[in-house]
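From a predicted model like this one, the values you see are computed outputs, not experimental measurements. Letters A, B, ... are given to chains in the order of the sequence lines, protein chains preceding strands, and every chain is numbered from 1.
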Amino acid sequence: MAWIVKNSATMKIDRREQPWLDDALKAELEANVLPSYPTKQAATLPVLHAVQHKHNWIPLQAIEEVADFLGLSHAQVMDTATFYEDFWLKPKGKYLIMVCQSITCELMGQVGLLERIKAKLGIDVGQTTQDGRFTLMAAECLGSCDTAPVALVNEKLYESITATNFERILDDLE
Amino acid sequence: MPLAEPILCKRIPTPPWGDPRDRALVTLDQYLETDGYQALRQAVKTDPKDVIDLVKASELRGRGGAGFPAGMKWSFLPPEDGDRRYLAINCDEAEPGTFKDRMIVDFDPHILLEGIAICMHACRLDTAYIYIRGEYHAQAKTLQHAVAEAYKYSVFGKDSILGQINGRDPQCYVHRGAGAYICGEETALLESLEGKRGWPRIKPPFPAVEGAFARPTIINNVETLAMVGPIVLKGADWFKSMGTQRPEGAPPTVPASFGPKLYGVSGHVNRPGVYEDELGITLSELIENHCGGMRNGKKFKAAIPGGISMGILGTDQYDAKLDFDIGKAYGCLGLGTAGVIVMDEDTDIVAATRNIVRFFAHESCGQCTPCREGTAWMYKLLTRIENGGGTTNDLDLLLELAGSMGSMPGTTICGLADGANWAVRTILNKFRGDFEKRVRKQRYVSLPVAATR
Ligand SMILES: Cc1cc2nc3c(=O)[nH]c(=O)nc-3n(C[C@H](O)[C@H](O)[C@H](O)COP(=O)(O)O)c2cc1C
Ligand code: SF4
Ligand code: FES
């Protein structure tokens, strides 16, 4: 729910010396991303993607760094970052499991599947396992309804899954 | 009559012409060997205005949901002023039940890039952004690679086949979204492209006049643009030999449903998948001829014709004609994306409705109160009904809530709320019995507000 307001009043920014958006990443973005757009603000999504790709999430300090890099106010980048559910403003597990919960996947048995995955991992939707390996999320239609039910694990899509073969897939991930 | 030959599926093995298991990415070389980029070469020799006129004459309608005539959209652009003009390609494909654009990008990305280049030539657009949803990781990589190939082949960039447009080398970029269905709405897409939250804009101004970065912008769906190349090669009459005519007695300004269409079928059928056929085939033909019939020999109960925003077809509408006039003829919103979701006799319609409404409640961008609050309340009501706690009053309340939201009643900025509105109203109207079985009879007499003081 994009419109759920974040708890900004009590939000604390954990700071560290070392920047999240470091010079190497900046140089790469300056060479390959910024020239694609007529404004710097338009690079917000690709830059946030790049930060998340590198660190697996987007700390608040990184949002400030992105804003400074793009010549925007911190609030502008915060505004954008909080809207999109792909951007993780808190740490997530090494593997992000997104089980499609939309109509075709539900028609094809997703509910029982999700229950089995929850039981196997011992977590609810929205949680991360204690060892930090798995985060479980329910996703909306992943555009693969013909092979429902489906789930994304990080960038890889698994199709026509059953509880048993998906459990095996999870076991095989290091 | 089935299509004589595959058109968008020319290079993508699809029944009855080929086996989907043989599908593989068509490389630039393979594309070129099969007439690839011939349409572009022909188009650049043609005056841009004539290309627009050709697309207008073909009556090609948008394949992204609304069915707006593409040629007409292109002619809304103001005259060139030497400054930048944009093309935004809508590959956000997040409407549940829809996966046709993914097939094009997965296997034949150059047919899309060729359509993009032709559109840039016709409309004098110098920069194209392909907006692809964040979850399409593999597809974004495939596209990136194909775009790089196209640059090498001089479709875009320096010394492009297109020449310079608005004094610039034509460019094409892939822009990834980040998990928001609403960014498929065209003005939300532009906001997102500009690096902001995906909040739909109030229109007018329409994007053709003031779109991305406040400059003239054309937005088209992937399938719409992929269709442009074949039209340039084979002509408007060829295109119009497929599909269905405008409704009887309608003036020529009413667009007809010409051409082939990709149908993505999912749910309770034997062979779900993307199929290509003429507009106007019936649902029963699609299920029986292409999809091998209903799964496990079950009976048909309902189908969603084109993504969940379009409402539902009832049990007695198994022979509905799938074209752009489906809305008026069968009491739903429209053909949408032609992502057909089939449900058999064992389907719990109440649960399906709850699922659909949860989607809208989750994906509402929150700008308009009737949409943000209305979808959330409908979800609560439907959950209550599904769990046995509902009453007949809840059904009336659902209808009232649904009917109050949308750009057509005029209470919201964009069409997401219309989707929720039509889904709920058509399902409740066509399957009222399924809901009544689940609720307790109860009627309150509601007091007018003034009398409750
Ligand atoms: C809530 C909402 C979501 C939409 N999602 C998509 C989408 O994912 N892909 C798409 O092509 N069009 C989508 N559309 C339709 C676009 O706004 C627009 O009409 C379309 O991209 C225009 O292209 P076309 O004329 O080629 O169909 C959506 C519309 C709404 C209201
Ligand atoms: S109708 Fe809904 S999704 Fe569309 S702008 Fe309004 S709140 Fe956002
Ligand atoms: S409904 Fe799950 S992929 Fe479309």
Side-chain angles (χ1 to χ4, degrees), chain A residues 1-5 33 35-50 52 66 70 72 76-88 98 100-108 110-111 137-148 150 152 154-157 160, chain B residues 84 93-99 101-102 127 129 133-139 171 173 175-183 192-199 212-213 215 264-268 272-274 304 308 339 341 343 347 351-352 355-356 358-359 361-367 372 376:
Chain A
M1 281 181 204
W3 44 268
I4 297 266
V5 181
V33 173
S36 312
Y37 300 99
T39 67
K40 278 192 169 179
Q41 184 170 17
T44 304
L45 263 62
V47 171
L48 290 173
H49 272 306
Q52 178 156 299
V66 169
L70 296 176
L72 302 170
Q76 276 173 307
V77 178
M78 192 65 188
D79 189 51
T80 301
T82 50
F83 183 82
Y84 297 93
E85 294 186 19
D86 276 1
F87 294 140
W88 281 75
M98 304 223 298
C100 175
Q101 62 172 346
S102 287
I103 179 81
T104 306
C105 285
E106 180 166 337
L107 289 175
M108 304 302 278
Q110 161 272 341
V111 177
M137 295 297 287
E140 299 298 351
C141 182
L142 293 170
S144 189
C145 323
D146 52 343
T147 54
V150 300
L152 262 178
N154 289 350
E155 300 193 355
K156 187 164 163 44
L157 184 74
S160 307
Chain B
R84 284 170 184 259
E93 194 160 68
E95 174 82 22
T98 310
F99 44 95
D101 297 339
R102 199 197 76 191
T127 307
Y129 292 102
R133 64 179 298 192
E135 293 84 348
Y136 279 0
H137 296 280
Q139 290 73 19
Q171 308 287 356
Y173 304 110
H175 183 92
R176 288 183 60 216
Y181 163 71
I182 192 59
C183 292
S192 181
L193 176 63
E194 291 181 10
K196 305 172 193 160
R197 353 183 93 207
W199 271 355
F213 311 104
R215 293 291 305 159
V265 193
S266 64
H268 300 144
V274 181
I304 284 162
I308 59 171
I341 305 166
M343 305 179 201
T347 306
N355 182 300
I356 288 170
R358 200 228 26 249
F359 176 84
H362 184 218
E363 296 298 336
S364 165
C365 84
Q367 283 190 102
R372 182 189 65 241

Task: Under 4.5 Å from any heavy atom of chain B - which part of A/Leu152 - done: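 Only the side chain of A/Leu152 comes within 4.5 Å of chain B.
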Task: Structural part of A/Leu70 lying under 4.5 Å from a heavy atom of chain B - done: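 Contact with chain B involves no heavy atom of A/Leu70 at all.
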Give, as side chain, backbone, both or neither, the part of [X] having an atom under 4.5 angstrom from any heavy atom of chain A.
| X | value |
| --- | --- |
| B/Leu193 | both |
| B/Glu194 | backbone |
| B/Glu95 | backbone |
| B/Arg215 | neither |
| B/Ala94 | backbone |
| B/Arg102 | side chain |
| B/Phe213 | side chain |
| B/Thr347 | side chain |

Between [options], which shows the greatest number of heavy-atom pairs under 4.5 Å with chain A?
| options | answer |
| --- | --- |
| B/Gly134, B/Gly267, B/Gly198 | B/Gly198 |
| B/Met343, B/His175, B/Arg84 | B/His175 |
| B/His268, B/Gln171, B/Arg176, B/Glu135 | B/Arg176 |

Could you pull out the closest heavy-atom pair between [X] and [Y], with the gap in Å?
| X | Y | value |
| --- | --- | --- |
| A/Cys105 | A/Cys100 | SG-SG, 3.5 Å |
| B/Phe359 | B/Ile308 | CD2-CD1, 3.6 Å |
| A/Ser144 | A/Val150 | O-CG1, 3.7 Å |

Task: Max heavy-atom pair count under 4.5 Å with chain B, selected residue of A/Leu107, A/Val77, A/Thr44 - done: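 Maximum pair count with chain B is reached by A/Leu107.
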Open item on the list: I'd like to verify something: which residue of A/Gln52, A/Glu155, A/Glu85, A/Met98 has the highest number of heavy-atom pairs under 4.5 Å with chain B?
Closed with: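 Highest number of pairs under 4.5 Å: A/Glu155.
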Test your reading of the model: is there a side-chain donor-acceptor pair from [X] to the backbone of [Y], 3.5 Å cut-off?
| X | Y | result |
| --- | --- | --- |
| B/Glu93 | B/Asp101 | yes |
| B/Asn355 | A/Gln101 | yes |
| B/Tyr173 | A/Tyr37 | no |
| A/Thr80 | B/Gly195 | yes |

Open item on the list: Would you say the ring centers of B/His362 and B/Tyr181 fall short of 6.0 Å from each other?
Closed with: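 For B/His362 and B/Tyr181, the ring centres are not under 6.0 Å apart.
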TODO: Verify the distance criterion only: is there a donor paired with an acceptor across the side chains of A/Tyr84 and B/Ser192 at less than 3.5 Å?
DONE: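 There is such a pair between these side chains.
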Open item on the list: Between B/Arg197 and A/Asp79 (salt bridge meaning N to carboxylate O under 4.0 Å), is one present in this structure?
Closed with: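 Salt bridge between B/Arg197 and A/Asp79, a charged N being under 4.0 Å from a carboxylate O: yes.
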